[in-house]
Colleague: 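Below is one structure. I have some questions about it.
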Amino acid sequence: MRKQLVVIALCFVCANVFSQTFHFIKGPLGNVLSIFSDNNGNIYLGTEFGVYRSTDAGNSWARYTGNNTYQGTTTYAFTTLANGNLVAAAGQNGVKIFTGSAWVNRNYGLPYSGGFYSSIRAIARDSSGNLFAGGYTDYPTPGGVFICQDTTWVSANTGLPTLSVNALAVSPSGVVYCGTDSSGVYKYNGSSWISVNNNLSSTRIFVLRFDALGNLFAGTSAGCSVLKPGNSVWTNYTSGLPSNYQMLSLSLDPTNSGRIIAGLGHARNVVGSLLGKIYVSNDTGKTWSDAFPAVQTLSAKASFILNDGTMFAGAQGVFRSSDHGSSWQTINNGFKDALPINNLVMNSKGYLFYGSVDGVFRSTNDGTTWEMINSGLQRPQVSMVFVDSHDNVYVGVYVGHIMSTLSARVFRSTNDGTSWDTTTISPDDQICKMDEGPAGTLYCSHGFGGKEGLSQYPGSSLSKSTDYGVTWNDLPVKAGMGYGLAVNKRGHIFHGGETPNPYRSTDGGVTWDTNFVIPNSGNVILYMSPHDEVFTTSYGLNEIWYSDSVSNGKPFTNMISPTWPSYHSPACMAWGKNNRMYVGTRAAGATSGLYYTDPPYSANSTFTAVPNIPVSPFTLFWDNNGYLWMQGPGFVAKSDSILGNPKTVTGAGNEMVTPKEFSLSQNYPNPFNPSTQISYQLPVNGRVSLKVYDVIGREAATLADDVKAAGYYSATFDASKLSSGIYFARLQSGDKVQLKKMILMK
């Protein structure tokens, strides 16, 4: 029996034809962002989903929640109050203090906007008991340094040229220093910040640490720098360190003043190698060596050394060394966080791929084990993953909210993700979605108009490739952030984004029709069923608009029935056996996030919840055997039974069912000048002839004359060298023949 890692088993059999239970599969472990130990020897992990604690030197971990959950909260750093209570820098949730039974907010006075506080990345307590918080400027709130002397935070940014703070440290004499994201290191004189950047290796600071002698160590984007007491000039050490790595964490050994452990890798908004490293220095940072060559991780963002010299490092999971870094062991017992997942897809071999904020992962055994596959991938945050019909894998990556530059790129792999090469697609703020049309034509939506601060949509939001992603050309459509993209078997393109309504092109993207009427539209998301039915919805709205293949988008009908909860927003769609439509929702509360309805679709369609799914799927897709997969924030799930038809064509977003009949579609456009698309479908394998004749029976073009597998096809008839008049498309396979009349009008 195939072994799988199952964390939830759902036991429900749907009475309506198909058993619709799912089992949940755990991906790679989540990120450890900080490690800390209190005076009682307890060890704490700050993660993307809250806090874990170990009371047995890391042998086991449990969530540190008290009588409230404190989950889903990114935790960047820790300190303690004078009474020993733990204080956490909780990202855009502000600052939290553990009182012994529960986590409480200490956020009064912190900037608050759009439901978020300033993104607190660093926390420290000075010799007078004042708390200092370092905030990172992140949408939608500003950062900077804040001081809390009692219960209220006040800004203390005089002298700081930036409000993006990554690190805080207090010297043995009680002076507070801050490390910024772009302007170096500053010390606080009680009223303002003073620059201490003379000869600093880099002005991008990730971590600051003082030793007992008052030496200040800085982990920067260029290695390790040291500022000695009474000295105003930094000494920079890089000997033994790999190039193009950032020093994200460091910790000093209390048992040996010369020993330092450092975590290397990439950080937010950094372009560079996506491979984490753990390095050790035994001579106060002068020289370094790789302490854990066998580690397979992405970014070693956390490190800590206990009073007995035991070393801890955090990345995707937790590692421990009891012999000063000579050997390491993995200690993940009880650590349950999983990486957030983006765009789960599968190729024809059955390999799973998904993206995350730290690159791309692959599983070759149905999700039982995962491996990172970032060789050649130079940017961290993956916004899109796609597999085409030739098994090429594409990822769209970006570097967070950078307002002044276009940072997103598309990378392609032709060897199942073993290595990646960049493509020529236009740089943009974000890569949103890809789809494949007839004859392997690829389309990629992106987001020129999605950049903050732009009130108009100045550039193309969609690109096209006819050589499987080697080269791309921008198309003349401007939808802002291009959320929506769907291509039917005739090659007609539907594209949407921040504009009120979708766009449609029936000529390969040359011209676009925007005359659609969809009330309450915006942030347009688009899906295409296997039968060329078009579905559109918008983020935040509990509506789905439907158009059959004949209408082709005109008109759309609202098909939401009273059975649809008003607080659900459709997020993804897929079609299974008998064209049953599954819809994943961004749901509120613990209600189901997966629904289905059966055709015929109409304004009175009834949606039925699939029970016992307390999650919100963001992606639905079919594997090659017809199992339905779901993906959402931190989870992967697979149906326990076959709910869809086995694929006959791979690479598309939804299953491609075998046509039931021999058919030649009317060309589009018609009349045309000078080219038109001719689509046809074949229910069985066989020799096919598609030819064009003029009105007196002379052959004008041969568009197909070979053996083809059953499926859907499209061909372009270019009549630029022919004269105006009536032409006939003739499709033949075996004894079956169909004709369509076409009009060339120049």
Colleague: Look at atom CD of Gln149 and say whether more than 12 heavy atoms of other residues, nucleotides or ligands are closer to it than 6.0 Å.
Modeller: no
Colleague: If every non-hydrogen atom of Asn197 is compared with every non-hydrogen atom of Ser183, which pair is closest and at what distance?
Modeller: ND2-O, 3.0 Å
Colleague: Quick check against the 3.5 Å criterion: does Thr330 have a side-chain atom that pairs as donor or acceptor with the backbone of Phe319?
Modeller: no
Colleague: Distance check, rounded to the nearest 0.5 Å: Phe304 atom CZ versus Ser34 atom OG?
Modeller: 10.5 Å
Colleague: Check Asp181, Thr141, Thr162 against Tyr136 for a side-chain hydrogen bond (donor to acceptor under 3.5 Å, both in side chains) and give me the one that passes.
Modeller: Asp181
Colleague: Would you mind telling me which of Phe353, Tyr354, Trp370 makes a ring-ring contact (aromatic ring centres under 6.0 Å, His included) with Phe361?
Modeller: Tyr354
Colleague: To check you understand the geometry: which heavy-atom pair defines the closest contact between Tyr108 and Thr151, and what is its length?
Modeller: CB-O, 3.9 Å
Colleague: If you define the side chain from C-beta out and look only at heavy atoms, does anything of Val280 sit under 4.5 Å from Ile260?
Modeller: no
Colleague: Can you check whether Ser383's main-chain N or O pairs, donor with acceptor, with Asn342's side chain at less than 3.5 Å?
Modeller: yes
Colleague: Are any non-hydrogen side-chain atoms of Arg259 and Met311 less than 4.5 angstrom apart?
Modeller: yes
Colleague: Could you walk me through whether Asn130 and Ser128 pass the side-chain hydrogen bond (donor to acceptor under 3.5 Å, both in side chains) test, one step at a time?
Modeller: CA-CA 6 Å; Asn130 302 313; Ser128 300; 4.5 Å; no
Colleague: To the nearest 0.5 angstrom, please state how far the CZ atom of Arg121 sits from the CG atom of Leu33.
Modeller: 9.0 Å
Colleague: Can we call the ring centroids of Trp288 and Tyr237 under 6.0 Å apart?
Modeller: no
Colleague: Hydrogens and angles aside, do Thr47 and Asp337 bring a side-chain donor and acceptor to less than 3.5 Å of each other?
Modeller: yes
Colleague: Name the one of Phe49, Tyr52, Phe98 that satisfies ring-ring contact (aromatic ring centres under 6.0 Å, His included) with Tyr64?
Modeller: Phe98
Colleague: Does the Thr137 side chain pair with the main chain of Gly143, one donor and one acceptor, at a distance under 3.5 Å?
Modeller: yes
Colleague: Could you pull out all residues at least two apart from Asn157 that satisfy side chain to side chain contact (heavy atoms under 4.5 Å, CB included)?
Modeller: Val145, Ser155, Leu160, Leu163
Colleague: Check whether Phe217 forms a cation-pi arrangement with Arg209 (NZ or CZ under 6.0 Å from the six-membered ring centre, at most 45° off the ring normal).
Modeller: no
Colleague: Can you list the steps and then say if Ser164 with Asn166 is a side-chain hydrogen bond (donor to acceptor under 3.5 Å, both in side chains)?
Modeller: CA-CA 7 Å; Ser164 290; Asn166 286 331; over 6 Å; no
Colleague: Rounded to the nearest 0.5 Å, how far does CD1 of Ile194 lie from CG of Asn189?
Modeller: 4.0 Å
Colleague: How close do Ile278 and Ala313 get, heavy atom to heavy atom, and via which atoms?
Modeller: CD1-CB, 3.5 Å
Colleague: Can you check whether Ile305's main-chain N or O pairs, donor with acceptor, with Ser251's side chain at less than 3.5 Å?
Modeller: yes
Colleague: Give a yes or no answer on whether the side chain of Trp420 reaches the backbone of Val393 with a donor-acceptor pair at less than 3.5 Å.
Modeller: no
Colleague: Tell me if the aromatic rings of Tyr177 and Phe210 count as close, with their centers under 6.0 Å from one another.
Modeller: yes
Colleague: Measure from the side-chain N and O atoms of Thr74 to the backbone N and O of Ala90, and report whether any donor-acceptor pair falls under 3.5 Å.
Modeller: no
Colleague: Of Thr75, Val51, Val87, Asn105, which is the lone residue that meets side-chain contact (heavy atoms from CB on, under 4.5 Å) with Lys96?
Modeller: Asn105
Colleague: Distance check, rounded to the nearest 0.5 Å: Asn107 atom CG versus Cys148 atom SG?
Modeller: 10.0 Å
Colleague: Applying side-chain hydrogen bond (donor to acceptor under 3.5 Å, both in side chains) between Thr220 and each of Ser225, Ser202, Ser201, report the one that passes.
Modeller: Ser201
Colleague: Would you check if the side chain of Asn42 reaches a backbone N or O of Thr55 as a donor-acceptor pair within less than 3.5 Å?
Modeller: no
Colleague: Take atom NZ in Lys336; do more than 12 heavy atoms of anything else shown fall under 6.0 Å from it?
Modeller: no
Colleague: Just so I know, are the side chains of Lys286 and Thr235 near enough to count as touching, which here means a heavy-atom distance under 4.5 Å?
Modeller: no
Colleague: Go through the steps for Thr284 and Val226 under the test side-chain contact (heavy atoms from CB on, under 4.5 Å), then give the verdict.
Modeller: CA-CA 9 Å; Thr284 323; Val226 181; 5.7 Å; no
Colleague: Identify the two heavy atoms, one from Pro340 and one from Glu48, that lie closest to each other, and give their separation to 0.1 Å.
Modeller: CD-OE1, 3.2 Å
Colleague: Which heavy atom of Asn332 sits nearest to which heavy atom of Trp61, and what is that distance?
Modeller: C-CD1, 4.4 Å
Colleague: Which heavy-atom pair separates Ile147 from Ala156 by the least distance, and what is that distance?
Modeller: CD1-CB, 3.6 Å
Colleague: Test Ile261 against Asp253 for side-chain contact (heavy atoms from CB on, under 4.5 Å), laying out the working first.
Modeller: CA-CA 8 Å; Ile261 179 179; Asp253 190 343; over 6 Å; no
Colleague: Quick check: do Thr418 and Arg362 have side-chain heavy atoms less than 4.5 Å from each other?
Modeller: yes
Colleague: Hey, does the side chain of Ser281 reach the backbone of Thr287 with a donor-acceptor pair shorter than 3.5 angstrom?
Modeller: yes
Colleague: Once you round to the nearest 0.5 Å, how far does OG1 of Thr73 lie from CG of Asn93?
Modeller: 4.0 Å
Colleague: Under a 4.5 Å cut-off applied to non-hydrogen side-chain atoms, are Lys301 and Ser249 in contact?
Modeller: no
Colleague: Evaluate the ring planes of Phe132 and Tyr188, with Trp represented by its six-membered ring, and classify them as parallel (under 30°), tilted (30 to 60°) or perpendicular (over 60°).
Modeller: perpendicular
Colleague: Where do Ser419 and Asp421 land on the side-chain hydrogen bond (donor to acceptor under 3.5 Å, both in side chains) test, with the steps shown first?
Modeller: CA-CA 7 Å; Ser419 61; Asp421 298 307; 5.3 Å; no
Colleague: CD1/Ile205 to SG/Cys178 distance, rounded to the nearest 0.5 angstrom?
Modeller: 9.5 Å
Colleague: Take atom CG in Asn83; do more than 12 heavy atoms of anything else shown fall under 6.0 Å from it?
Modeller: yes
Colleague: Using atom types as modelled and distance alone, determine if a side-chain donor or acceptor of Asn374 lies under 3.5 Å from a backbone N or O of Val360.
Modeller: yes
Colleague: Does a sphere of radius 6.0 Å around CG in Asn256 hold more than 12 heavy atoms from other residues, nucleotides or ligands, not counting ones at 6.0 Å or beyond?
Modeller: yes
Colleague: Between Ser192 and Gly159 (side chain of the first, backbone of the second, donor and acceptor by atom type, cut-off under 3.5 Å), is there such a pair?
Modeller: no
Colleague: Is any side-chain heavy atom of Val170 closer than 4.5 Å to a side-chain heavy atom of Arg125?
Modeller: no
